[in-house]
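I have placed the structure first, in the form of structure tokens, so that the comments after it can refer back to it.
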Amino acid sequence: MISFYPGPSKVDENIPRYVQDAYDTGILSINHRSDEFMELAKLTVIELKAKLNIPENYSVFFVSSSTECWEIIAQSLVNSGSLHFYNGAFGEKWLKYTEKIRSNAIGHRFEMNDKLKTLEPELDTDTICITQNETSNGTQIHNYQIEELRTKFPGKLIAVDATSSMAGINLDYKNADFWYASVQKCFGLPAGLAVVVCSPKAVEKALEINDTCRYNSLPSIIKMMQKYQTTHTPNVMGIYLLNRVMQDRKNIRFIDQKIRNRYSMYSALLDEVSLKHLVENKEVQSYTVIPVSSDIKTISRLKMEARKESLILGNGYGNLKETTFRIANFPSIKMDEITLLKNFLLTHR
Ligand SMILES: *Cc1c(COP(=O)(O)O)cnc(C)c1O
């Protein structure tokens with residue numbers, strides 16, 4: 001079976017070997033306060049910074065999931081209030097989680113085919129929340145737009161959900177303050193770990209607010225990571241696998257180009273087989289998640305016939321479940337696997 005599900009997604013082909021190595025070298029049983037763990041965490045941070053072009057003065061943290069980041073931001077980073085610009089299910093979920101924790105979260109929904117709209121907040125807010133790659137509908141916010149956001153709101157912190165794009169797209173980290181992604185999407189790893197990329201400004205603000213009420217309060221995470229440790233026993237195997245997979249990867253510049261080329265190939269293919277991208281405006285289409293839209297019958301037939309050929313198409317998300325399927329365009333999927341999907345679509349349309 002080849003999974004084109006946009007998360008959890010096809011894992012890196014070397015994972016079985018790396019898991020065996022983790023077992024053989026004793027990594028799976030190391031103490032998380034030991035020198036071995038601290039060395040592993042340190043080398044993983046160095047590898048991530050080098051391969052993803054993360055600015056040297058940014059910090060990298062390990063947490064459990066992107067969902068956890070929604071809570072960390074609401075608890076430890078938002079002071080006066082948060083302003084959420086969203087156009088899909090994940091951005092909306094983030095808003096809903098924040099509303100449960102804080103009374104002062106403001107949401108602005110924009111249309112799927114529109115570019116990010118930035119309104120002046122009507123109440124005092126200090127944190128802007130955006131979903132760079134909206135996995136539910138296959139839209140994205142480009143680096144230049146995040147840069148514009150930064151210019152327009154220089155005093156505010158910008159938090160970015162990059163769950164289905166980090167390690168797939170060359171993100172310009174300097175334009176925002178708190179980036180996060182679970183590893184089961186573009187990193188090509190099993191779930192249970194998330195990477196946070198944090199600006200000096202966000203670190204400073206978290207320490208100033210000094211929320212310390214929870215095990216995952218950001219100041220505690222920051223202080224533990226200064227000695228390459230975590231607040232709790234972390235997913236050591238996940239961090240080890242992350243380290244190995246990132247060592248093998250080329251710089252994100254090359255991955256980004258590969259993903260864009262494949263996205264262009266998929267766009268041309270959809271035209272050729274007369275299937276429609278869910279989002280008409282090409283300027284906002286995601287490079288890493290491709291939602292294909294049709295009538296209920298065609299979508300269910302294609303998903304079923306694909307399964308018979310060992311190809312798993314991702315279901316549509318939420319209310320798009322029956323009228324779309326999604327194709328993950330993630331780095332660990334190989335070209336010969338994409339060719340199988342291409343031939344399938346050419347012959348089954
Ligand atoms: C998958 C996804 C999440 C949720 O990730 P978890 O690991 O389940 O917490 C959040 N945001 C986006 C954009 C996603 O694609």
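In what follows, residues are counted from 1 in the order of the sequence shown. Side-chain atoms are counted along with the backbone in the values below, which use heavy atoms only and exclude waters and symmetry mates. Remember, it's 1-based here, ligands and their atoms both numbered in the order they're listed.
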Below 4.0 Å from ligand 1: does a non-hydrogen atom of Trp94 turn up there or not? no
Could you tell me whether ligand 1 has any atom less than 4.0 Å away from a heavy atom of Asn133? yes
Just to confirm my output: which protein heavy-atom neighbour is closest to [atom], and how far is it?
| atom | result |
| --- | --- |
| atom 3 (C) of ligand 1 | Phe90 CE2, 3.5 Å |
| atom 14 (C) of ligand 1 | Lys185 NZ, 3.0 Å |
| atom 6 (P) of ligand 1 | Ser182 OG, 3.5 Å |
| atom 11 (N) of ligand 1 | Asp161 OD2, 2.7 Å |

Among Tyr180, Tyr97, Tyr317, which residue meets the ring pair (Phe, Tyr, Trp, His ring centres under 6.0 Å) test with Phe90? Tyr317
Whether Lys152 engages the ring of Phe85 as a cation-pi pair (distance to the six-membered ring centre under 6.0 angstrom, angle to the ring normal within 45°) should be assessed. no
For ligand 1, indicate whether the residue [X] contacts it via side chain, backbone, both or neither (heavy-atom separation under 4.0 Å).
| X | result |
| --- | --- |
| Tyr317 | neither |
| Lys93 | neither |
| Ser66 | both |

When you check the gap from the basic side-chain N to the acidic O, do Arg260 and Asp256 get nearer than 4.0 Å? yes
Flag for Ser220-Thr231: side-chain donor and acceptor within less than 3.5 Å: no
Is a donor from one side chain sitting under 3.5 angstrom from an acceptor on the other, for Lys205 and Asn79? no
State whether the shortest distance between N or O atoms of [X] and N or O atoms of ligand 1 falls below 3.5 angstrom.
| X | result |
| --- | --- |
| Thr131 | no |
| Gln184 | yes |
| Thr67 | yes |
| Glu68 | no |

Please check: side-chain N/O of Thr288 versus main-chain N/O of Ser164, any donor-acceptor pairing under 3.5 Å? yes
Please could you name the atoms of ligand 1 that Thr135 approaches to less than 4.0 Å, counting only its heavy atoms? 12 (C), 13 (C), 14 (C), 15 (O)
Taking only residues two or more places apart in sequence or in another chain, which ones pass salt bridge (Lys or Arg N to Asp or Glu O under 4.0 Å) with Asp271? none
More than 12 heavy atoms of other groups within 6.0 Å of Gln247 CD: yes
The complete set of ring pair (Phe, Tyr, Trp, His ring centres under 6.0 Å) pairs with one or both residues in residues 219-270, sequence neighbours excluded, reads Tyr215-His232, Tyr263-Tyr287
